[in-house]
Each structure stands twice: as structure tokens, then as C-alpha cells.
Asker: 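One structure follows; several queries about it will come next.
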Number of protein chains: 2
Amino acid sequence: MSMGSAPSYFSKQIGFPQRYGIGQVNSIYSKKFTKSLSTAEAKVFSAKKHSESERRRRMRINSQYAALRKILPNLIKMDKASVLAETVRQVRELKKVVTDIDAACRGSGSECVIPSGVNKLSLEKCEGKQEGLVKATFSCEDRAGLISDMTRELRSRKGKVVKAEMVTVGGRTKIVLWVKGLGAGSEGIVSLKKALNKVIVDRPSIIQKLHLPKRL
Amino acid sequence: MSMGSAPSYFSKQIGFPQRYGIGQVNSIYSKKFTKSLSTAEAKVFSAKKHSESERRRRMRINSQYAALRKILPNLIKMDKASVLAETVRQVRELKKVVTDIDAACRGSGSECVIPSGVNKLSLEKCEGKQEGLVKATFSCEDRAGLISDMTRELRSRKGKVVKAEMVTVGGRTKIVLWVKGLGAGSEGIVSLKKALNKVIVDRPSIIQKLHLPKRL
DNA sequence: CTTCACACGTGATAC
DNA sequence: TGTATCACGTGTGAA
């Protein structure tokens with residue numbers, strides 16, 4: 001048997017499960033040798049179940065191979081070993097790109113327009129311009145309700161956003177806020193810092209995972 | 001036989017090739033049945049070669065699995081199907097991050113500090129300041145000799161670099177040059193543009209491949 | 001004819 | 001216990 005197939009990648013659709021009547025013996029001797037036949041039957045039944053289970057496992061794995069063949073750009077050889085090798089290569093390359101970008105963003109202070117992989121928050125008073133204007137810069141994981149949480153915290157502290165910038169990349173967000181109305185002293189800034197730290201919750205994305213220890 | 005092994009991931013080291021004397025029949029009948037025995041021998045030899053070839057193929061594939069298990073962060077289940085599924089998931093995620101970053105960099109003009117995935121070159125005259133000062137901004141693939149090529153082209157056109165900025169990320173580079181000494185007219189800029197276009201050679205990186213059509 | 005890549009069924013093994 | 005995963009050898013079609 002062993003219906004082997006050629007290297008026909010993409011859409012495997014192999015024959016069909018090949019049902020050939022598991023529990024039916026259809027023999028006139030079945031009455032006589034019920035015991036022995038049932039054990040033999042049990043054996044072949046078990047074997048069949050095993051082989052079908054194994055087939056399902058193969059299909060599960062092969063469907064992932066098909067997915068990889070689709071999403072990897074510029075695949076030359078389509079056999080399993082080559083696909084996996086190219087996958088390893090590209091994952092390494094992509095990780096390097098992302099970590100490099102992240103390092104570049106972490107290196108430069110708050111001047112990078114791309115959100116950093118680490119959650120950071122910095123506040124500074126804007127001197128010489130309007131009185132009590134504060135610039136708040138922070139990167140964090142993007143999430144549903146981030147903006148509303150932020151505005152709620154600001155509103156409860158009488159802060160008014162006079163200008164805002166926002167960049168979201170790959171699930172992470174960088175936000176720059178210019179806030180006024182917090183009062184002249186430094187207690188306004190401390191309060192704002194507390195509020196924004198509450199907003200920045202840590203839900204690790206893939207960018208952060210790349211910096212995490214391996215088997216956490 | 002079929003020396004199966006349990007799910008012991010990492011460092012497979014399976015027994016050893018199991019040589020049990022391929023070409024030696026050691027029978028007293030070997031003289032009599034030379035022909036038939038040699039065919040049988042050929043058969044078992046062929047089978048052995050086949051099974052060893054298949055073993056090599058398995059090892060090739062499994063070594064790639066081992067590599068994937070190492071480089072993927074936060075792997076929970078280590079079986080093949082789960083590893084592949086997580087690989088697909090993370091490749092998609094990484095690609096999204098990179099394409100998002102690239103889109104963000106292509107969106108903003110020359111103000112992004114991160115190099116874009118597409119090769120671009122833009123020149124502008126700096127008015128009001130020093131006479132004949134030109135700002136040149138371009139992104140391209142980083143390569144050996146990029147800087148020396150650039151300076152050689154500039155030198156041959158009497159250009160003097162008064163200031164330069166450079167960012168390299170994941171194999172791509174963004175460079176901003178402030179050049180003077182090209183002359184007052186627009187022929188200086190045209191000449192510089194030609195020169196820099198010569199320098200920016202196109203060696204597609206993974207960032208660019210992500211924008212390319214699938215089977216180029 | 002040989003080589004290569006594959007699917008298959010099976011025994012071993014771990015949980 | 002049953003139900004997973006795994007490596008193995010084999011048959012088979014394509015290059």
C-alpha cells in the first residue's frame with residue numbers, strides 16, 4: 001500500500017481516508033470464533049485508529065508547511081527542509097531588523113518618531129512659551145481604551161491637551177502630549193506622571209519579547 | 001526494529017547508523033546461488049541505502065526544528081506542529097511590525113530617522129544660509145564601500161560635506177548630507193543627483209522583499 | 001538507472 | 001488506562 005506522493009506542493013488533497021469497513025467481518029465463521037476474531041478485530045481496529053491518528057498529525061504539520069510556503073517571500077526550493085531553513089533565516093533577519101530599530105529608538109531620547117519597545121515616560125516643562133505648558137512623551141503597548149483612559153486621567157487632574165502627536169507601529173504606540181492647566185508648581189507634573197504611569201500597562205508584544213530572557 | 005524515540009526535544013542524538021555488515025553474506029551456499037544471492041544482496045543493499053538516505057533527510061529537517069525551537073521566544077509547546085504554528089504566527093507578526101514601520105517611514109517625508117525600505121533620494125537647496133548649500137537625503141541598502149563610493153563621487157564633483165547624519169537599521173541605511181561647493185546654478189544639483197543615484201545600488205533586503213510581488 | 005522528496009503504517013514511548 | 005508524539009523503514013512517483 002503506502003500511497004506515496006510526489007513533491008506536489010500546495011494543496012495536498014491526498015486521495016481520501018480509505019475506509020475499508022473496520023467493524024464488519026461478513027464471514028460465516030464469525031459465530032464460531034467470536035473470541036479470537038474479536039481480539040484480532042480489536043487489534044486491526046486499534047491499528048487503524050493509530051494510523052488515522054498519525055495521518056491527522058501529518059496533515060496538521062503539513063498545513064503549517066503550506067502556510068509557511070505562502071507567507072515567506074522569495075522561496076526558491078519548496079521542499080520541507082529548504083522551507084524550514086529559509087524560515088529560520090528569515091526569522092533571524094526579521095528579528096535583527098526589529099531589534100535594530102528598537103535599539104535605534106531607545107538610543108535617541110524622545111526624538112524618534114517610532115515607538116520604542118520598552119515602556120517609557122518622560123515629562124518636561126516648556127519654558128518661555130505659555131505658562132504651565134508640559135510636554136509628555138511615552139511609548140507603550142497599544143490597547144483598546146488607551147486614549148479614553150488617558151483623557152479620563154487628564155480630565156480628573158484638570159489638564160487640557162493643547163496639542164497631540166501619535167504613532168502606532170506593530171501594536172506599539174508613541175504619544176506626545178502638550179498639556180496645560182495643571183498649575184504652576186511641580187505637583188502638577190508629579191500628578192500627571194502618576195496618572196500616565198497608570199495608563200501605561202505592560203502587555204508584552206513581540207518587540208518586547210525579543211529582549212526577554214529565553215525561557216521565562 | 002524501528003527504534004522510535006519519545007518526545008525528547010533538543011539534542012536528538014539517536015543511537016547510531018546501525019551498521020550490520022552490508023556486503024557480507026558469510027554463507028557456504030554463497031558459491032552455489034551467487035546469482036540469486038547477489039540479487040538479494042543488491043536488494044538489501046539498495047534498501048539500506050534508501051533508509052539511510054531517508055534518515056539523512058529526517059536529520060536535515062529535524063535540525064531546522066531544533067533551530068526554530070531555539071530562536072523563537074516564548075515557545076510553550078515544543079512538538080513539531082506547535083512549533084510550526086508558532087513560527088507562522090510570529091513570522092506574520094514580525095512582518096507586520098516591519099511593514100508598519102516601513103509604512104510609517106515612507107509616510108513621513110525625510111523627517112523620519114529610520115531608513116525606509118524603498119530606495120529614495122531627495123535634494124533641496126538650503127536658502128538663507130550659506131550660499132550653494134544643498135541638503136541630500138537618501139535611504140538605501142547598506143553595503144561595503146558605500147561611504148567611500150559616495151565620497152569619491154562627491155570629490156570628483158568638487159562637493160564638500162559640511163555636515164552628515166547616518167542611521168543604519170537592519171541592513172538599511174539612511175544618510176543626510178549637507179554639501180557645498182557644487183556651484184550656484186542648478187547643474188550642480190543635477191550632477192549630485194546623478195552621482196548619488198549611481199551610489200544607491202539596489203540589493204533587495206527583507207524589508208524590500210516584503211513589498212515585492214510573491215514569485216518574482 | 002539513480003536520486004530525491006514524500007506519505008504511509010508501525011512499534012516504541014511518554015503523559 | 002488511552003492518547004498523544006516520534007523515528008523508522010518502505011513503496012512510489014517525479015526529475
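Residue numbers begin at 1 in each chain, while the letters A, B, ... track the order of the sequences.
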Asker: Quickly work out the K80(B) NZ to dA7(C) P distance and round it to whole Å.
Answerer: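 Rounded to whole Å, this separation is 12 Å.
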
Asker: Any salt bridge between E54(B) and R57(B), counting N to O under 4.0 Å?
Answerer: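 Answer for the salt bridge query: yes.
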
Asker: Taking atom P of dA5(C) as reference, at what distance in whole Å does atom CG of N62(B) sit?
Answerer: 15 Å

Asker: Taking for each residue the nucleotide of DNA chain D with the nearest heavy atom, is it A81(B) or S51(B) whose nucleotide lies nearer the 5' end?
Answerer: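 First, find each residue's nearest nucleotide; the 5'-ward one identifies A81(B).
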
Asker: Take atom NZ of K77(B) and atom C1' of dT5(D), then tell me their distance rounded to the nearest Å.
Answerer: 9 Å

Asker: What nucleotide among dT3(D), dT5(D), dG9(D) has an atom nearest to a side-chain atom of R55(B)?
Answerer: dG9(D)

Asker: Given dT10(D), is OP1 or OP2 found less than 4.0 Å from the side-chain N or O atoms of K43(B)?
Answerer: no

Asker: Just how far, in rounded Å, is C1' of dC6(D) from CZ of R69(B)?
Answerer: 10 Å

Asker: Rounded to the nearest angstrom, tell me the gap between atom OH in Y65(B) and atom P in dC6(D).
Answerer: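 Taking OH of Y65(B) and P of dC6(D), I get 8 Å after rounding.
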
Asker: Distance check needed: dG11(C) P versus K48(A) NZ, whole Å only.
Answerer: 13 Å

Asker: Indicate yes or no: does E86(A) engage R89(A) in a salt bridge with an N to O separation below 4.0 Å.
Answerer: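 Yes, charged N to carboxylate O under 4.0 Å.
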
Asker: Below 3.5 Å, does any donor atom in the side chain of E54(A) face an acceptor in the base of dC8(C), or the other way round?
Answerer: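 Answer no: no donor N or O sits under 3.5 Å from an acceptor.
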
Asker: Atom CZ of R56(A) and atom P of dC6(D): how far apart are they, to the nearest Å?
Answerer: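 Those two atoms, CZ and P, are 15 Å apart.
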
Asker: Going by an N to O cut-off under 4.0 Å, is there a salt bridge joining R157(A) and E153(A)?
Answerer: yes

Asker: When the distance from CZ of R57(B) to C1' of dT12(D) is rounded to whole Å, what number comes out?
Answerer: 13 Å

Asker: Output yes when at least one side-chain N/O atom of R58(B) is less than 4.0 Å from OP1 or OP2 of dC6(C), else no.
Answerer: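 No, outside the criterion.
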
Asker: Is a side-chain donor or acceptor of T151(A) paired with a backbone partner of I147(A) at a separation under 3.5 angstrom?
Answerer: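 Such a contact is found between T151(A) side chain and I147(A) backbone.
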
Asker: Please determine whether any donor N or O and acceptor N or O are separated by less than 3.5 Å between the side chain of H50(A) and the base of dG9(C).
Answerer: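 When only heavy-atom distances are counted, H50(A) does not reach the base of dG9(C) through any donor-acceptor pair under 3.5 Å.
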
Asker: Please give me the minimum heavy-atom distance between A164(A) and L177(A), naming the atom from each residue.
Answerer: CB-CD2, 3.8 Å

Asker: Looking only at the side chain of S53(A) (C-beta and beyond, no hydrogens), which of the listed nucleotides dA4(D), dC8(D), dC6(D) gets closest?
Answerer: dA4(D)

